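Data block below; observations after.
Both backbone and side-chain heavy atoms feed into the values below; hydrogens, waters and symmetry mates do not. None of these values were measured; they are calculated from a predicted model.
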Amino acid sequence: MIATNGNSWVEMVYNGETVEDSLWREVSHCGKRPLEVGVGRYVFQVFNAKRSLLSSSSSPTFHPICCLSAAVAATSSSWTPTPTPTRRTANYQPTIWADSYIQSLPIEFKEEKYMHRREKLEVEVKCLIGGQYDLVEQLELVDIICQLGLEYHFDSMIKDLLKSIGSSKENINNLIENNNLYGLALLFRLLREHGITNTSSLRADVLITNIKRDGQSFNPNHQSDVEGMLSLYEASYLAIEGEEELYESGKLAKEQLRYIDSYLISPQLAENINYALEIPLRENVNPTLLELAKLDFNMVQSIYKAELQEMSRWWKNLGLVCDELNFARDRLVENYLWAIGIAYQPKFWRCREAITKIICLTTIIDDIYDVYGTLDELKLFTKAIEEWKMDAAHQLPDFMKICFNALLNTLNGIASSFSMEKQLDILPCLKRVLTDLCKAFLVEANWYHNRYTPTLDEYLENAWITIAGICPLIASYCLNDDMTIEDLNSLEFYQPIVRYSCLLLRLYDDLGTTTAEIQRGDVPKSIQCYMNENNVLESVARDHIKCLITNYWKKLNNERAKISRSIESFKKALVDMPRTAQCFYQYEDGYGEPSHETREQITCMIIEPIPL
């Protein structure tokens, strides 16, 4: 894309040829995460573990949608007093998940026998964690438990073990004296993942000192240590600002791994390397852990199915899937997958329910601002949201009234239910984020109608809000069972860590959706803003956005390490939300056009259990 006339983005020429760097495009077409984060989480860990156990199941063929802009011209009529507004449509495909299908899903694995078996397996795993293993074996066991999504069963036990290991200078010195790069890097990564930094004797500089010798990039003893290089590569994605040497060492380790002759190592290790170069984690599982992982997955999946059925009934009864709103995306099931990615643990059911509802509503509002509403209508809608009263909708057109009433009823209901149970009023928090969101949407609408392309900085200053990530983050904070009045009063809406989390969500979204959005004539996103500002090709702009992603992950990791105490669901959501975005936007727009990888992820995560 080349800018031809200052800030007039309408006059840009779109170049459909894109050059993706090898880091992103080398990822195979199988629904796995890209490389920006070296830490998995439940949704992606268990999804990938399941993919390795089962071949893809057959599924019906769905036809992809062609997202071309299509302005609907007003019908000419000599007696019409006012012309019909010219409106766009994004031609989004309808949902591929019918309510009748969702309600027909069998709810299995709720019998007492499964509960008893899981409890027995949990006891066995606790014995494994507390067993007399050597240091590296203990670390490997913890790593596998976390990769399989079982950490929430043993969270306190794992943290106590890691604190004990990490605070022991003797343990760390033994690893250093034995040139055990694998163990050092593994311990460093696990400590970072679990937020154990203040009490740890293993800092990044200690790890780097062990890697280097006599000013060389790598200690010669380590260059032939394949497992050590692999462990270092995985640990490097937990680097924070100021730890450039660690991050660069990870890149060098990656290059070393690329050129290892597979004939000189075991087939298992070669497979681990290939897998890690796609996703910087791998799994070797003992039978007890594997059985527990399968059983736990199926039992949690049954909870998800029941919740999804309830959500589908709510969505159907809400009445937003109608002719007046047929331009908007109907993505209930995909929104529920977002909620799982942000708050996967069974105990966070309240957060998942609220997040699903809020994303469903903000998606329609987003489409009203981006696609369908006129500028005058959008100003009225924004004003009505600010007033937050039902009678504020009387001047709105019918399609906006329907959405406005549904939004107020839903959020008032969420807040009222929580208030009755916890005696805490969270409605002001929900109102604030929705009001700020709509104001930011209106800024983008003004840009579009004025044919204005902002600078990248100007765009990001507004776009980190319009991506709407602040809404599920605030919901995950406010709807926690442990919420107190002190927590509510101390809530910081737009603290740096929230901004970084939302910026990552925004940039992943832009990388995945920009092609389709340009085709339908949408407001310019980060890639177009950078191209226009710097007069560069799309490939250069994409590379710049990926560098920003790397930097924002470092900033997020840094801020996360500073949090001493916070709402648990909120703390997890800050990191898990951008991870979920990686999953959705790895293969372009997995949300707007979810018929391919996203459909398979939903099938594996929510629909099909693992055979025991």
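- Nearest heavy-atom pair, I467 versus C502, reported as atom, atom and distance to 0.1 Å: CG2-O, 3.7 Å.
- Of all heavy-atom pairs spanning A475 and C351, the tightest one is O-SG, 4.1 Å.
- Looking at R560, its side chain never comes within 3.5 Å of a backbone N or O of G195 through a donor-acceptor pair.
- Across all non-hydrogen atoms, the minimal contact from Y92 to G592 is CD2-O, 4.1 Å.
- The CD atom of E559 sits 12.0 Å away from atom CZ of R499, with the distance rounded to the nearest 0.5 Å.
- From L202, atom CG reaches atom OG of S167 across 11.5 Å, with rounding to the nearest 0.5 Å.
- Considering only heavy atoms from C-beta on, L361 comes within 4.5 Å of L411 through its side chain.
- Look at D576 and R579 and you find a salt bridge, because one of the NZ, NE, NH1 or NH2 atoms lies within 4.0 Å of a carboxylate O, short of that distance.
- Within the 4.5 Å cutoff, the side chain of Y591 has no heavy atoms near those of the L337 side chain.
- Donor-acceptor pairing under 3.5 Å is lacking for the side chains of Y114 and S302.
- Between the N557 side chain and the I240 main chain, no donor and acceptor come within less than 3.5 Å of each other.
- Proximity of a side-chain donor or acceptor of K305 to a complementary backbone N or O of P106 within less than 3.5 Å is detected.
- For the ring-ring contact (aromatic ring centres under 6.0 Å, His included) test, residues two or more places apart in sequence or in another chain that qualify with W464 are Y494.
- Sequence neighbours left out, the pairs with a member in residues 417-431 that pass salt bridge (Lys or Arg N to Asp or Glu O under 4.0 Å) are R350-E421.
- The shortest side-chain heavy-atom distance between L332 and W97 does not fall under the 4.5 Å cut-off.
- Minimum interatomic distance between R118 and L295 (heavy atoms only, all atoms of both residues): N-CD2, 3.6 Å.
- Atoms CZ and CG, from F418 and N480 in turn, are 7.5 Å apart once rounded to the nearest 0.5 Å.
- The nearest pair of heavy atoms linking G469 to L505 is CA-CD2, 3.7 Å.
- With T410 contributing its side chain and L407 its backbone, the two residues share no donor-acceptor pair below 3.5 Å.
- Side-chain atoms of D155 never come within 3.5 Å of backbone atoms of E151 as a donor-acceptor pair (strictly under, hydrogens ignored).
- Side chain of S164 to backbone of D160: no donor-acceptor contact under 3.5 angstrom is found.
- Between the side chain of R189 and the backbone N or O of S236 there is no donor-acceptor pair closer than 3.5 Å.
- The main-chain N or O of I497 is never found under 3.5 Å from a side-chain atom of S501 such that the two would form a donor-acceptor pair.
- Side chain to side chain, E334 and T598 fail the donor-acceptor criterion of an N or O pair below 3.5 Å.
- Electrostatic pairing of E310 and R313 does not count as a salt bridge here, judged by no charged N lying under 4.0 Å from a carboxylate O.
- Here the options are N286, I145, V123, the test is side chain to side chain contact (heavy atoms under 4.5 Å, CB included), and the partner is L128; only N286 passes.
- With sequence neighbours excluded, the residues that form a side chain to side chain donor-acceptor pair (under 3.5 Å) with D509 are T513, Y585.
- Between W314 and E353 there is no side-chain heavy-atom pair separated by less than 4.5 Å.
- The shortest side-chain heavy-atom distance between D487 and L424 does not fall under the 4.5 Å cut-off.
- Side-chain contact check for Y344 versus M605: every heavy-atom pair is 4.5 Å or farther apart.
- Taking the side chain as every heavy atom from C-beta outward, K120 and E124 approach each other to under 4.5 Å.
- Ring orientation note: the planes of W338 and F584 are close to parallel, at an angle under 30° on the 30°/60° scale.
- When side chains are defined from C-beta on, F188 does not count as touching S231, because their heavy atoms never get closer than 4.5 Å.
- Side chain of N412 to backbone of L408: a donor-acceptor contact under 3.5 angstrom is found.
- Under the 3.5 Å distance criterion, the side-chain polar atoms of S419 are left unmatched by any main-chain donor or acceptor of A415.
- If you check the side chains of D99 and W315, you find no donor sitting under 3.5 Å from an acceptor.
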